[in-house]
Every structure is written in structure tokens, then in C-alpha cells.
J.: 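Structure incoming, see below.
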Amino acid sequence: MSAYPEKYSEFTCFDDILDKGKYVDRLDEKSKKKAQEELCEDPKERDAALQQFRDWIKAQPHYTVCTEDTFLLAFLRRCRYSQLEARTMFDVFHSVTYKKIPSWMVDVDSSSTALKKLIDTKCLVIPPYRDPEGRRILIWRGGAFDAGKKSGYTPDTLFNLWGVTLMLLQREDMTQVNGYVIIQDGTGMTMKHIGYPGIERFKAVIKVFY
């Protein structure tokens with residue numbers, strides 16, 4: 001089903017985090033070419049660009065954040081290695097996350113009973129393969145979870161799930177370069193499901209993506 005060999009579809013995010021976020025080149029040749037042509041990535045200058053970005057972050061007194069390679073690289077690649085744009089995006093990302101939607105990925109308890117119950121609904125499914133363009137696939141089953149008040153989880157839990165999932169996947173080399181494709185399965189979805197997260201959370205999330 002995938003146009004890529006199995007090794008390029010593996011979930012590498014956990015290895016990256018356990019290795020303290022040190023960058024490891026996991027791109028296939030097609031993705032390396034894309035990174036250079038579309039994201040202005042120069043493998044010879046990558047480490048220097050990361051260090052320059054890291055030094056700026058550490059010099060900001062209001063930041064107490066992760067400065068690992070695989071985390072920072074997501075910002076540099078998104079901004080085509082423009083240090084100025086990456087700094088702006090980094091600031092917007094953190095200010096909105098901490099102030100507007102802390103449930104997105106701030107102090108999330110990944111072992112909570114509520115989160116486990118939501119995961120068990122399989123409302124968010126991630127197949128172990130990539131699409132023909134090398135993108136990570138996410139399947140959102142918007143009608144699969146219980147939108148009632150006695151479900152055992154809350155709208156914040158839903159944001160916990162999405163926040164943790166995207167933060168993990170965004171560490172992946174292949175995903176940073178090729179992106180995602182999100183498939184919406186609306187089976188069983190009602191207006192109650194659509195309105196479950198709340199309009200204010202939706203507005204804040206849009207700002208996170210800069």
C-alpha cells in the first residue's frame with residue numbers, strides 16, 4: 001500500500017526522544033531532494049542553523065522549553081530555514097499554546113484514565129505506513145467517541161490526544177519533510193460531536209499553526 005519501503009514508515013519519534021532529540025538522518029533520497037529544493041535545507045549547514053536557533057531561544061528569559069534537534073528542526077524546515085520567521089513562529093506557537101490552549105500539549109498526563117478511555121474509542125487512528133507522497137496518514141473518526149457528559153473524558157482530553165499525537169509525529173524526519181494527510185471518516189458523527197471541542201478552542205488552534 002505504501003510507495004516507501006517499510007523502514008521509512010516506522011514510527012521513529014520514540015527513538016528520537018529517547019536519544020534526547022539528537023538529529024539522525026532518516027530520509028530516503030526522494031525526501032532529501034525535497035528538503036533541499038522545497039525547504040532550502042543544506043545538510044552541510046543544518047547543524048549550524050540549529051545551533052543558531054537554539055542560542056537565540058536560550059537567550060530569551062521568558063522561555064523554558066525543549067531545545068532538542070528534532071523539535072527545533074520542525075520550525076526551521078517549516079520556515080525554509082529563515083531564522084527570523086522561525087523565531088516568530090516559535091514565539092506564536094508557545095504563547096498561544098500556553099495561554100490559550102494548555103490542554104493541547106502542556107503538562108499532559110499520558111497515563112491518565114480519561115486519555116486511555118478516549119484512545120480506546122479509536123477515534124484517531126494512525127496506520128503503520130505512509131501514502132505515496134511519503135506523508136504520515138491520520139484517520140479521524142469523528143463519530144467514534146462519546147460526546148456525552150458521562151463519557152469519562154472531556155474536550156480537554158480530546159485536545160490532549162491530538163496535541164500529544166502531533167507533537168510525537170512532528171519529531172519524525174520523514175514527516176517534517178513530507179507532512180501529513182488527514183482522512184475524515186464521518187460515520188456516526190452528529191452536531192454534538194462537531195461542537196464538542198468548543199469554538200474558542202478551534203479559534204486558538206488555528207493560531208497555533210501560524
J.: List the steps and the verdict of side-chain contact (heavy atoms from CB on, under 4.5 Å) for Tyr63 and Trp56.
T.: CA-CA 10 Å; Tyr63 284 146; Trp56 173 81; 3.9 Å; yes

J.: Taking side chain to side chain contact (heavy atoms under 4.5 Å, CB included) as the test, write out the residues that go with Thr121, two or more places apart.
T.: Leu118, Cys123, Phe145, Tyr153

J.: What residues form a side-chain hydrogen bond (donor to acceptor under 3.5 Å, both in side chains) with Ser82, not counting sequence neighbours?
T.: none

J.: Has Thr157 got a side-chain atom pairing as donor or acceptor with Ala114's backbone, closer than 3.5 angstrom?
T.: no

J.: Say you draw a straight line from NZ of Lys117 to CG of Leu115; how long is it, rounded to the nearest 0.5 Å?
T.: 12.0 Å

J.: Looking at every non-hydrogen atom in both residues, tell me the closest pair between Pro127 and Ile139 and how far apart they are.
T.: CG-CD1, 3.9 Å

J.: Show, in sequence, the C-alpha distance, side-chain angles and deciding distance for Met189 and Ile194, and conclude whether the side-chain contact (heavy atoms from CB on, under 4.5 Å) test is met.
T.: CA-CA 7 Å; Met189 182 182 284; Ile194 295 173; 3.8 Å; yes

J.: Using every non-hydrogen atom in the two residues, find where Glu172 and Phe11 come nearest and quote the distance to one decimal.
T.: OE2-CA, 3.3 Å

J.: Quick one: pull up CZ in Phe71 and CG in Leu76 and give me the separation to the nearest 0.5 Å.
T.: 11.0 Å

J.: Any salt bridge (charged side-chain N to carboxylate O under 4.0 Å, His left out) involving residues 59-68? Give me the pairs, sequence neighbours left out, ordered by first then second residue.
T.: Glu68-Arg171

J.: Taking salt bridge (charged side-chain N to carboxylate O under 4.0 Å, His left out) as the cut-off, I'd like each qualifying pair that reaches into residues 11-22, sequence neighbours left out, listed once.
T.: Asp16-Arg26

J.: Taking all non-hydrogen atoms of both residues, which atom of Cys79 and which atom of Met89 are closest, and how far apart?
T.: SG-SD, 3.8 Å

J.: What's the separation between atom CZ in Arg130 and atom CD in Glu6, rounded to the nearest 0.5 Å?
T.: 12.5 Å

J.: Have Ser31 and Asn178 got a donor and an acceptor in their side chains that come within less than 3.5 Å?
T.: yes

J.: When clusters are formed by joining ILVMFWY residues with side-chain heavy atoms under 4.5 Å apart, either directly or through shared neighbours, do Trp140 and Met191 land in the same one?
T.: yes

J.: Taking all atoms of both residues into account, what is the closest heavy-atom pair of Leu158 and Pro197, and its distance?
T.: CD2-CG, 3.9 Å

J.: If you count heavy atoms of other groups shown closer than 6.0 angstrom to CG of Leu84, is the number above 12?
T.: no

J.: Using side chain to side chain contact (heavy atoms under 4.5 Å, CB included) as the criterion, list what pairs up with Lys122, not counting sequence neighbours.
T.: Val125, Arg141

J.: In Å and rounded to the nearest 0.5 Å, what is the CD1 to CD1 distance from Ile183 to Ile137?
T.: 5.5 Å

J.: Within the distance-only criterion (no hydrogens, no angle test), does the side chain of Thr165 pair as donor or acceptor with the backbone N or O of Leu161 below 3.5 angstrom?
T.: yes

J.: Return yes if a side-chain donor-acceptor contact under 3.5 Å exists between Asp156 and Thr154, otherwise no.
T.: no

J.: Return yes when atom CZ of Phe14 has more than 12 non-hydrogen atoms of other residues, nucleotides or ligands closer than 6.0 Å, and no otherwise.
T.: no

J.: Would you please say whether a donor-acceptor pair under 3.5 Å links the side chains of Thr88 and Asp91?
T.: no

J.: Measure from the side-chain N and O atoms of Asp25 to the backbone N and O of Leu27, and report whether any donor-acceptor pair falls under 3.5 Å.
T.: yes

J.: Could you tell me if the side chain of Lys58 sits less than 4.5 Å from the side chain of Thr67, heavy atoms only?
T.: yes

J.: Under the side-chain hydrogen bond (donor to acceptor under 3.5 Å, both in side chains) rule, collect the residues that match up with Asp109, sequence neighbours excluded.
T.: Ser111

J.: What's the spacing between Lys32 NZ and Glu29 CD if we round to 0.5 Å?
T.: 4.5 Å

J.: On a heavy-atom basis, which atom in Ala147 and which in His193 lie closest, and how many Å separate them?
T.: CB-CD2, 3.9 Å

J.: How would you list all residue pairs meeting ring pair (Phe, Tyr, Trp, His ring centres under 6.0 Å) that involve residues 17-53, not counting sequence neighbours?
T.: Phe53-Phe90

J.: Just to verify, what does Ser110 make a side-chain hydrogen bond (donor to acceptor under 3.5 Å, both in side chains) with, not counting sequence neighbours?
T.: none

J.: With sequence neighbours excluded, what pairs up with His94 under the side-chain hydrogen bond (donor to acceptor under 3.5 Å, both in side chains) test?
T.: none

J.: Mind checking ring pair (Phe, Tyr, Trp, His ring centres under 6.0 Å) for Tyr81 and listing every partner two or more places apart, or none if nothing turns up?
T.: none

J.: Sorted by first residue and then second, give each salt bridge (charged side-chain N to carboxylate O under 4.0 Å, His left out) pair with at least one member in residues 41-55; sequence neighbours left out.
T.: Glu41-Arg46, Glu41-Arg77, Arg54-Asp69

J.: Which pair of non-hydrogen atoms, one from Val24 and one from Asp173, has the smallest distance, and what is that distance?
T.: O-OD2, 3.6 Å

J.: Among residues at least two apart in sequence or on other chains, which ones pass side chain to side chain contact (heavy atoms under 4.5 Å, CB included) with Tyr180?
T.: Arg136, Leu138, Leu166, Leu169, Gln170, Thr175

J.: Report the C-alpha separation of Arg87 and Gln60 in whole Å, then their side-chain angles, then the decisive distance to 0.1 Å, and conclude whether the side-chain contact (heavy atoms from CB on, under 4.5 Å) test is met.
T.: CA-CA 11 Å; Arg87 293 172 185 179; Gln60 310 308 307; over 6 Å; no

J.: One thing to verify: whether Glu38 and Arg80 come together as a salt bridge, which I'm taking to mean a side-chain N less than 4.0 angstrom from a carboxylate O.
T.: no

J.: Are Ile182 and Phe159 linked, directly or through other ILVMFWY residues, by side chains that come within less than 4.5 angstrom of each other?
T.: yes

J.: Let me confirm one number: the CG-CD1 distance from Leu124 to Ile119, rounded to the nearest 0.5 Å.
T.: 9.0 Å

J.: Check this for me, if you would: do Lys7 and Glu10 make a salt bridge, where the nitrogen-to-carboxylate-oxygen distance has to be below 4.0 angstrom?
T.: no

